[in-house]
Amino acid sequence: MKAAIINEFGGPEQVIYTDVPKPKTKGDEILVKNVLIGVGKPDYLVRSGNDPYLKDSLPGLIIGNESAGIVEEVGPDVKNIKPGDHVAVLNGTGCGSHAEYSCAAEHFAIRLPEDLEFKSVAGILNLQVAYALLYDVGRGTDEKSLYIFGAAGGIGTTLVQMALDKGLQVICSASTDEKCEALRKLGAQKVFNYTKEDEKEQVLGFTGGRGVDLLYDQAAGPKLQDRMGLVADFGKLILYNWLDGDPGLDELDTIIQNAPHARSICSFSFHAYDDKEERRLSNADKVFQMIREGRVKPVVYKDLSLSEARKAHELLDSGKVIGKLVMHP
Ligand SMILES: NC(=O)c1ccc[n+]([C@@H]2O[C@H](COP(=O)([O-])OP(=O)(O)OC[C@H]3O[C@@H](n4cnc5c(N)ncnc54)[C@H](OP(=O)(O)O)[C@@H]3O)[C@@H](O)[C@H]2O)c1
């Protein structure tokens, strides 16, 4: 079969489209004939060597973390999935999906309803994470408004749509005017380019000084302290990555300083669902219903051929992608 592999960690130039043996299932694994392959930040982390668990997998590591397709074969211990099922797979090993076929443990797969086209669930990880961030993690505030920093990516564009669907006022930012325009087109009420405009002025200005009930921050880093000041009383700042590194805060001081506003910081990982299968699947059903009803639609930046995997990684690294980048075998 064809696949995109790396022999060394590094930049997009390491991505090689080549022939490799078709994988075989064992134990609780399913073999999926991929129809759509998602390309995203986890693939950058694996390709560039930031994933400590994959150091011994070179050479010939098939990259790729997510795909959707049709089950061709199941291992002897698979319980709930059968050949012919449509599935989306978030490969728990972080690799193997940039290929015509990939194997994954059953619990990394979600069965897709057959009435939904594969392209309507492009970036299922984005859809699931956005749903979790809004409906599970974002509960318990006054829920009037939210601010998403760097909102033009796969999760951000989904979160914008879900928040608007929920009736929230959406403020978001991005690093280019092109990305800002795309966010305006999605319906966000306030959008600004954070490389040109001051975040505090924009967010507090738009909310009349009140701040936002939910602030979604994938960066952390030195700006975290100031961002806490953009959160309304009883609101939450929700971290879902640390792209800008350590915020350098004293945790106890931060908690105490924010006490008069009853603001909280919450850090989220999708691994919160690892032992909550029922909840994860029930959330997925709700996402599927949103798609059916046209309440959310993945923003697909480009659909490339798998043979263009290197180009996909160049785009990924360019910072220009708006929404989700996908490939098809
Ligand atoms: N917590 C979890 O369970 C979980 C699960 C999946 C993904 N994630 C994380 O969630 C984030 C969003 O995922 P995604 O799939 O939407 O990614 P994506 O499509 O690559 O979008 C990331 C966005 O982040 C913005 N950004 C802001 N600061 C950045 C920085 N320092 N470096 C790079 N990009 C920066 C970029 O836009 P601008 O240039 O316009 O700012 C970009 O649009 C990623 O960091 C991902 O690792 C978390």
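Along the sequence shown, residues are numbered consecutively beginning with 1.
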Using modelled atom types and a 3.5 Å cut-off, is there a donor and acceptor pairing between side-chain atoms of Glu308 and backbone atoms of Ser305? yes

Count I, L, V, M, F, W, Y as connected when their side-chain heavy atoms are under 4.5 Å apart, and connections chain through other members. Are Leu316 and Phe9 then in the same cluster? no

Shared hydrophobic cluster for Tyr131 and Leu164 (ILVMFWY, side-chain gaps under 4.5 Å): yes

Take Lys320 and Tyr301 through the test side-chain contact (heavy atoms from CB on, under 4.5 Å) and record every step on the way to the result. CA-CA 9 Å; Lys320 289 186 185 153; Tyr301 180 66; 4.0 Å; yes

Derivation of the salt bridge (Lys or Arg N to Asp or Glu O under 4.0 Å) call for Lys236 and Asp213: CA-CA 6 Å; Lys236 272 189 207 176; Asp213 300 287; over 6 Å; no

Could you name each residue pair satisfying salt bridge (Lys or Arg N to Asp or Glu O under 4.0 Å) that touches residues 155-174, not counting sequence neighbours? Glu143-Lys166, Asp165-Arg295

Main-chain N/O of Asn80 paired to Glu106 side chain as donor or acceptor, under 3.5 Å: yes

To the nearest 0.5 Å, how far apart are CD1 in Ile148 and CD1 in Ile155? 10.5 Å

Are any of the side-chain heavy atoms of His107 and Asp28 separated by less than 4.5 Å? yes

Partner set under salt bridge (Lys or Arg N to Asp or Glu O under 4.0 Å) for Asp85, not counting sequence neighbours: Lys82, Arg111

Identify the heavy atoms of Gly84 and Ile70 that sit nearest to each other, and give their distance. O-CG2, 3.8 Å

Is the shortest heavy-atom distance from the side chain of Pro298 to the side chain of Val121 under 4.5 Å? no

Side chains of Ile30 and Val87: closer than 4.5 Å at any heavy-atom pair? yes

Gap between atom CD1 of Ile322 and atom OG1 of Thr157 - 0.5 Å precision: 9.5 Å

So, Glu73 and Thr25: side-chain donor and acceptor under 3.5 Å apart, yes or no? yes

Answer with yes or no whether the hydrophobic clustering places Val46 together with Tyr44; edges join I, L, V, M, F, W, Y residues whose side-chain heavy atoms lie under 4.5 Å apart. no

Looking at Val300 and Ala122, what are the two nearest heavy atoms and their distance? CG2-CB, 4.0 Å

Is it the case that atom CD in Glu277 sees more than 12 heavy atoms from other parts of the structure closer than 6.0 Å? yes

Heavy-atom nearest pair, Leu239 first then Ala220, reads CD2-CB, 3.8 Å

Test log, rule side-chain contact (heavy atoms from CB on, under 4.5 Å), inputs Asp303 and His328: CA-CA 7 Å; Asp303 182 0; His328 56 270; 2.7 Å; yes

Determine whether Lys324 and Val299 make a side-chain contact, defined as any pair of heavy atoms from C-beta on separated by less than 4.5 Å. no

Salt-bridge contact Lys26-Glu29 (side-chain N to carboxylate O under 4.0 Å): yes

So with a 6.0 Å cut-off around NZ of Lys190, is the heavy-atom count from everything else above 12? yes

Using only heavy-atom distances, determine whether the side chains of Asp274 and His271 contain a donor-acceptor pair under 3.5 Å. yes

I'd like to know if the side chain of Arg310 and the backbone of Val15 have a donor-acceptor N/O pair within less than 3.5 Å. yes

Mind checking the CD-CD1 spacing from Glu66 to Ile124? Nearest 0.5 Å is all I need. 9.5 Å

What's the verdict on side-chain contact (heavy atoms from CB on, under 4.5 Å) for His86 and Phe118, showing C-alpha distance, side-chain angles and the deciding distance? CA-CA 9 Å; His86 291 195; Phe118 284 106; 3.6 Å; yes

Give the minimum heavy-atom separation between Ala99 and Ile37, together with the two atoms involved. O-CD1, 3.6 Å

Hey, does Pro83 have a side-chain heavy atom less than 4.5 Å from the side chain of Val74? yes

Counting only heavy atoms not in Glu178, do more than 12 fall under 6.0 Å of its CD? no

Do the numbers put Lys2 on top of the ring of Tyr17, so that NZ or CZ is under 6.0 Å from the six-membered ring centre and no more than 45° off the axis? yes

Aromatic rings Phe270 and Tyr273: how do their planes relate, parallel, tilted or perpendicular, breaks at 30° and 60°? tilted

Taking Gln161 for the side chain and Lys297 for the main chain, is one N or O donor matched with an acceptor at less than 3.5 Å? yes

Without swapping roles, check the side chain of Lys276 against the backbone of Ala272 for a donor-acceptor pair under 3.5 Å. yes

Separation of Ile62 CD1 from His98 NE2 (nearest 0.5 Å): 11.0 Å

Less than 4.5 Å apart, any side-chain heavy atom of Ile291 and any of Leu127? yes

Do Met228 and Leu133 sit in one hydrophobic cluster, given that two such residues count as connected whenever their side-chain heavy atoms are within less than 4.5 Å of each other, even indirectly? no

Side-chain (Ser120) to main-chain (Leu116) donor-acceptor, under 3.5 angstrom: no

Is a side-chain N or O of Asp217 found less than 3.5 angstrom from the main chain of Ile238, in a donor-acceptor match? no

Would one find more than 12 heavy atoms of other residues, nucleotides or ligands at under 6.0 Å from atom CD of Glu293? yes

Distance (rounded to the nearest 0.5 Å) between Met327 CE and Ser67 OG: 10.0 Å

Taking atom types as modelled, is there a side-chain donor on Asp43 or His313 under 3.5 Å from an acceptor on the other? no

Rounded at 0.5 Å granularity, tell me how far OG in Ser173 sits from CG in Asn193. 8.5 Å

Report yes if some heavy atom in the side chain of Lys22 is under 4.5 Å from a heavy atom in the side chain of Lys33; otherwise report no. no

Any Lys/Arg nitrogen of Asp177 or Lys196 sitting under 4.0 Å from an Asp/Glu carboxylate oxygen of the other? yes

Spell out, as yes or no, whether a donor-acceptor pair under 3.5 Å connects the side chain of Ser97 to the backbone of Gly64. yes

Is the distance from the ring center of Phe149 to that of Tyr216 below 6.0 Å? no

State, without any angle test, whether Asn34 and Ser102 hold a side-chain donor-acceptor pair at a distance under 3.5 Å. yes

Hey, are the side chains of Thr207 and Val212 touching, using non-hydrogen atoms and a 4.5 Å cut-off? yes

Presence of salt bridge, Arg47 and Glu8, under 4.0 angstrom: no

Kindly determine whether Ile265 and Val231 satisfy side-chain contact (heavy atoms from CB on, under 4.5 Å), including the steps that lead there. CA-CA 10 Å; Ile265 303 185; Val231 177; over 6 Å; no

For Arg280 versus Gln128, what's the shortest heavy-atom pair and its separation? CG-NE2, 3.9 Å

Pro12 versus Asp317, closest heavy-atom pair with distance: CD-OD2, 3.5 Å

If two hydrophobic side chains count as joined below 4.5 Å and joins carry through other members, does Ile63 share a cluster with Tyr101? no

State plainly whether the residues Arg279 and Asp136 are in salt-bridge range, i.e. N to O under 4.0 Å. yes

Under a 4.0 Å threshold between the charged nitrogen and the carboxylate oxygen, would Asp115 count as salt-bridged to Arg292? yes

With no hydrogens and no angle check, just 3.5 Å: does a side-chain donor-acceptor pair link Glu199 and Tyr147? yes

Would you say Gln169's side chain and Gln189's backbone share a donor-acceptor pair under 3.5 angstrom? no

